[in-house]
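Order of the sequence lines sets the chain letters (A, B, ...), proteins ahead of strands, with each chain counted from 1.
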There are 2 protein chains.
Amino acid sequence: MTDVKTGFNPLFLREEELRQGIELLFFAYRDFTAEPDAILADYGFGRAHHRVIYFVGRHPGITVSDLLEILRITKQSLSRVLGQLVMEKFITQRPGLRDRRQRLLELTEKGIELERQLTERQRARIARAYREAGAEAVDGFRKVLLGLVEEADRARFPSRSPHRRGG
Amino acid sequence: MTDVKTGFNPLFLREEELRQGIELLFFAYRDFTAEPDAILADYGFGRAHHRVIYFVGRHPGITVSDLLEILRITKQSLSRVLGQLVMEKFITQRPGLRDRRQRLLELTEKGIELERQLTERQRARIARAYREAGAEAVDGFRKVLLGLVEEADRARFPSRSPHRRGG
DNA sequence: TTTTTACGTCAGTCATGTTGACATATATGA
DNA sequence: TCATATATGTCAACATGACTGACGTAAAAA
């Protein structure tokens, strides 16, 4: 039985531990977004633009509705940001082949360059944290974060294939 | 030497792995904030109110400047949100004892109740993720997230004392 | 006594989200 | 073929939460 007085809890779910988890997420996310935000400001863009650029870069040819599902915002919100990015030639639209109602989105060369510049900072930050924490910690990080994500979106994260040593 | 062709990288820092980390953070944070956001809407509050309520609850008697450092926003931004919370009696202010210029912030009973209601959802979500991932994964999660946080703020997260089994 | 600090306020602006209504082109099913 | 559903876009109005800049006040510190 759980011993409240001594602070021992077999499920490791003590209040303090959970609050630290909450705060780690807050501080990590705060610092994780700060660097790209500064770069975006130079372009007159904001974090919303980064998200669009990121996911279009990640899924070339993505449809507007798929992007909306990822971002969980309204089409009107997306429209403003996406419109700017298309107008300023960071993203191109082309009609779908099977379904010509769709506007498939892709980064232009310019868009790829900005995406690279933005994501580079975040990649470097993650890389450093991964390196310092070690491979085993990275597995735990992934496992817990995946548990925080809604069931429906977990399929976006296939479990890694093991490292092929020399193969 | 790193073998690019075979995808083997001894530092585990392959592009794909880093992008998955970036996306895990995005999706986890998105879903982590969605539930409290919905509750806050019932009160006519937003995420900014949650952050203030959370950190005042976490550090009773916190000063305005300390809160500003945590949130990394301007005093004008904080002012509006904090002003509402004080006016609607979720938070009280009292002058500092040693320094009477300070306004020490504390949650009222009403504030504590709202904080509990909001944080409960996040705590439950984290608790579930922790439970499903296991203690070892939790350690890794903490280690990596801490590495993402700016050096200056890492001291906010003391390393856990080991579980005392039986007192 | 002067300066600095902690905090507040007024005013204006911007980015990003919302709801609601309506429009258009295309796909799909009866 | 015709009706309906879907993918996308647009206009308008609004709320939240961030920003800068300027100025004010009380208390601490030099």
Side-chain angles (χ1 to χ4, degrees), chain A residues 26 29-30 33-34 36-56 61-88 91-106, chain B residues 26 29-30 33-34 36-56 61-88 91-106:
Chain A
F26 168 76
Y29 200 79
R30 183 197 68 176
T33 50
D37 282 358
I39 297 170
L40 287 156
D42 296 339
Y43 290 81
F45 291 155
R47 198 175 294 176
H49 299 83
H50 186 189
R51 293 197 278 251
V52 170
I53 286 177
Y54 180 87
F55 284 107
V56 170
I62 191 174
T63 65
V64 170
S65 10
D66 284 351
L67 192 50
L68 286 174
E69 267 183 37
I70 288 176
L71 300 176
R72 297 260 175 95
I73 58 177
T74 60
K75 62 178 177 176
Q76 294 92 328
S77 294
L78 174 59
S79 171
R80 182 176 27 214
V81 170
L82 183 55
Q84 285 175 275
L85 290 169
V86 169
M87 197 160 48
E88 300 186 28
I91 287 179
T92 56
Q93 297 173 309
R94 59 181 166 84
L97 285 175
R98 286 168 315 203
D99 187 337
R100 285 179 303 172
R101 290 170 304 178
Q102 296 176 333
R103 310 288 175 90
L104 307 187
L105 307 172
E106 266 179 52
Chain B
F26 168 76
Y29 200 78
R30 183 198 68 176
T33 49
D37 282 359
I39 297 170
L40 287 156
D42 296 338
Y43 289 81
F45 291 154
R47 198 176 294 177
H49 299 84
H50 187 189
R51 293 198 278 251
V52 170
I53 286 177
Y54 180 87
F55 284 108
V56 170
I62 192 175
T63 66
V64 170
S65 10
D66 284 351
L67 192 50
L68 285 174
E69 268 184 38
I70 288 176
L71 300 176
R72 296 260 177 95
I73 59 175
T74 60
K75 62 177 177 177
Q76 294 92 329
S77 295
L78 174 58
S79 170
R80 180 179 25 213
V81 171
L82 183 55
Q84 285 175 272
L85 290 169
V86 168
M87 197 161 45
E88 300 186 28
I91 287 180
T92 55
Q93 296 173 310
R94 58 182 167 83
L97 284 175
R98 287 167 315 203
D99 187 338
R100 285 178 302 171
R101 290 171 305 179
Q102 296 176 332
R103 311 287 174 90
L104 308 186
L105 306 173
E106 267 178 52

Note, A/Leu105 side chain near A/Gln93 side chain (heavy atom, < 4.5 Å):
yes

Please report the end-to-end axis angle for the helix from C/dT1-D/dA30 to C/dA30-D/dT1, five pairs per end, rounded to 10 degrees.
30°

I need the B/Thr63 OG1 to B/Asp99 CG distance, nearest 0.5 Å.
9.5 Å

Specify the residue among B/Val81 and A/Val64 whose closest nucleotide of DNA chain D lies further upstream toward the 5′ end.
A/Val64

Ring centres of B/Tyr54 and A/Phe26 under 6.0 Å apart?
no

Between C/dG8 atom P and B/Gln84 atom CD, what is the distance in whole Å?
15 Å

Less than 4.5 Å apart, side chain to side chain, heavy atoms only: is that true for B/Asp66 and B/Phe55?
no

For atom CZ of B/Arg101 and atom P of C/dG8, their distance in whole Å
13 Å

How far does CD1 of A/Ile73 sit from CZ of A/Arg80, to the nearest 0.5 angstrom?
9.0 Å

Bounds of contact between DNA chain D and chain B, in 5' to 3' order, using a heavy-atom cut-off under 4.0 Å:
D/dT16 to D/dA28

Measure the CD-CE distance between A/Gln84 and A/Met87 for me, rounded to the nearest 0.5 Å.
6.5 Å

Position toward the 5' end of DNA chain C (nearest nucleotide), A/Lys75 or B/Gln76:
B/Gln76

note: A/Phe45, atom CZ; C/dA15, atom C1'; distance rounded to Å ~ 13 Å

Specify the separation, in whole Å, of atom CG of B/Leu104 and atom C1' of C/dA6.
11 Å

Does C/dT9 have its OP1 or OP2 closer than 4.0 Å to a side-chain nitrogen or oxygen of B/Ser79?
yes

Does C/dA15 have OP1 or OP2 under 4.0 Å away from a side-chain N or O of A/His49?
no

Verdict with reasoning, A/Val64 to A/Lys75, per side-chain contact (heavy atoms from CB on, under 4.5 Å)
CA-CA 8 Å; A/Val64 170; A/Lys75 62 178 177 176; 5.6 Å; no

Round to a whole Å and report the spacing from NE2 of A/His50 to C1' of C/dT16.
16 Å

Distance (rounded to the nearest 0.5 Å) between B/Arg47 CZ and B/Asp37 CG
4.0 Å

So does A/Ser77 get a side-chain nitrogen or oxygen closer than 4.0 Å to the phosphate oxygens (OP1/OP2) of C/dT16?
no

Side chain of B/Gln93: nearest nucleotide among C/dC7, C/dT16, C/dG8?
C/dG8

Heavy-atom nearest nucleotide on DNA chain C taken for A/Arg100 and for A/Arg47; more 5' hit belongs to A/Arg47

Taking atom P of C/dT5 as reference, at what distance in whole Å does atom CD of B/Gln102 sit?
14 Å

note: B/Glu69, atom CD; C/dA6, atom P; distance rounded to Å ~ 10 Å

What's the CZ-P distance between A/Arg98 and C/dA27, to the nearest Å?
12 Å

What is the distance from atom CG of B/Leu71 to atom CG of B/Leu82, rounded to the nearest 0.5 Å?
10.0 Å

Say you draw a straight line from CD of A/Gln102 to CD1 of A/Ile62; how long is it, rounded to the nearest 0.5 Å?
11.0 Å

